[in-house]
Amino acid sequence: MVNGMIYFLSDAHLGSLAIERGWAHQKKLIDMLEEMSKDAVSIYMLGDMFDFWMEYFIHDKSKRQFHPFCKELRKLAKKGIHVHMFIGNHDLWTFGGLAQLTGAEIHYEPCTIIRYGKAIFLAHGDGLLPENWEKLYPKEIKKKIKRFIKLREIFRSPFLQFCFRCLPPSWGNHFGYNWAKKSRLKELANPCPYKGEDKEELVLFAKDQEKQQNHRDYYIFGHRHIELDLQIASGSRVVILGDCFKQWTYAKLDNKGNLTLHNF
Ligand SMILES: [Mn+2]
């Protein structure tokens with residue numbers, strides 16, 4: 001479909017030990033993609049589609065649980081739909097395996113695309129901060145952000161990644177899935193709602209970009225598990241996709257360049 005729709009979704013957290021009825025969850029995601037495939041030209045998944053994804057040097061049998069989803073993505077690609085997957089902060093450890101399994105193009109960095117006359121900035125959203133963040137937040141939040149940045153560096157260290165990939169998959173997975181579960185339960189017990197236009201990091205990041213004359217019409221992020229569609233002063237819109245396990249949010253760009261948020 002040359003003038004088809006472009007879809008954006010994120011944060012399915014497949015395989016999460018904190019989301020019940022794993023198969024029903026995956027099935028609904030497949031149904032959603034199937035629905036999109038009727039008029040899609042491209043589908044962008046903006047990260048954390050898996051709650052934990054690691055590619056070991058030893059064959060990992062547990063990946064079998066995701067075969068239906070991976071098969072669906074291959075099917076879409078075969079149909080001629082461009083399927084894109086951004087890494088998030090839960091599924092950054094892919095070294096070619098996921099691309100092979102799914103036929104999707106994997107993005108390791110944020111990027112800007114131009115479609116139907118609109119410049120669109122795409123990223124998972126973790127680690128994107130406004131320039132003056134150290135002056136902006138109180139001590140406690142600053143400490144939290146610094147901790148997150150440190151952890152992000154550790155996760156991205158090639159040496160530590162190599163070590164982790166040497167582990168037997170059952171050990172690594174036990175560690176990874178339980179860590180992810182802990183963070184999900186923490187989020188459920190202590191949800192972090194939208195912080196407001198003057199505090200939400202991703203909104204401030206977008207405003208910074210606009211100030212630096214890097215104009216985009218739309219900024220689309222995942223990561224936060226909140227739904228947001230906000231017009232900022234420059235006229236740009238900042239869209240945060242909710243998730244694909246509770247809110248089932250997706251965004252759709254039509255061939256006139258209109259972007260809308262929906263729930264499946
Ligand atoms: Mn995330």
Side-chain angles (χ1 to χ4, degrees), residues 7-19 22 25-26 29 32 43-55 66 69 84-94 98 102 104 106-111 120-130 133 141 144-157 160-161 164 173 175-195 199-206 219-230 238-251 261:
Y7 290 97
F8 306 88
L9 61 146
S10 75
D11 295 270
H13 289 271
L14 283 179
S16 168
L17 299 177
I19 299 170
H25 175 213
Q26 188 171 171
L29 183 63
M32 186 176 175
I43 296 176
Y44 287 86
M45 288 173 280
L46 298 188
D48 284 357
M49 293 308 284
F50 300 96
D51 206 37
F52 178 65
W53 184 275
M54 167 60 76
E55 290 165 11
F66 304 122
F69 171 65
H84 299 263
M85 246 176 153
F86 284 65
I87 60 163
N89 54 316
H90 283 249
D91 52 6
L92 63 151
W93 301 280
T94 172
L98 196 54
T102 60
I106 311 292
H107 297 266
Y108 292 86
E109 297 294 337
C111 75
I120 310 168
F121 182 89
L122 300 172
H124 180 60
D126 64 305
L128 296 183
L129 290 159
W133 69 272
I141 297 182
K144 241 171 110 178
I145 294 178
K146 279 190 178 148
R147 213 182 306 136
F148 188 81
I149 292 175
K150 193 92 224 143
L151 203 60
R152 199 169 178 273
E153 274 168 20
I154 293 172
F155 283 176
R156 287 171 177 250
S157 141
L160 293 175
Q161 287 182 347
F164 207 100
N173 288 341
F175 176 78
Y177 280 111
N178 279 294
W179 182 319
K181 179 186 177 184
K182 233 171 50 199
S183 90
R184 181 79 38 252
L185 293 178
K186 221 194 286 171
E187 181 195 306
L188 286 172
N190 206 347
C192 179
Y194 176 50
K195 296 172 187 166
K199 286 273 179 316
E200 188 67 46
E201 287 93 335
L202 293 173
V203 173
L204 294 173
F205 171 83
Y219 291 81
I220 309 181
F221 305 107
H223 185 54
R224 282 282 284 119
H225 302 177
I226 58 172
E227 286 175 2
L228 179 75
D229 184 354
L230 178 76
V238 181
V239 169
I240 304 182
L241 304 165
D243 63 54
C244 287
F245 59 89
K246 218 171 46 218
Q247 305 163 86
W248 293 95
T249 326
Y250 67 93
L261 262 182

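Only this structure's heavy atoms are used, side chains among them; waters, hydrogens and symmetry mates stay out. Order of appearance sets the numbers: ligands from 1, and atoms from 1 within every ligand.
- The aromatic rings of H25 and F245 stand perpendicular to each other, their planes meeting at an angle above 60°, with 30° marking the opposite boundary.
- In this view, W133 and L129, P130, Y137, K142, I145, K146, I149 satisfy the side-chain contact (heavy atoms from CB on, under 4.5 Å) rule, not counting sequence neighbours.
- Around the Mn ion (ligand 1), protein N, O or S atoms at less than 2.8 Å number 4.
- A ring-ring contact (aromatic ring centres under 6.0 Å, His included) with F8 is found for exactly one of F86, Y44, F221, namely Y44.
- Evaluation of the salt bridge (charged side-chain N to carboxylate O under 4.0 Å, His left out) rule for R156 yields no partner, not counting sequence neighbours.
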Let me check something: any side-chain donor-acceptor pairs from residues 180-191 under 3.5 Å, sequence neighbours excluded? List them with distances.
unit_1	atom_1	unit_2	atom_2	d
S183	OG	A180	O	3.2
R184	NH1	E187	OE1	2.8
R184	NH2	H13	ND1	2.9
R184	NH2	H13	NE2	3.4
E187	OE1	H225	ND1	3.1
E187	OE2	H225	ND1	3.2

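- In this pair, Y219 and F121 present their aromatic rings tilted. The plane angle is within the 30 to 60° band.
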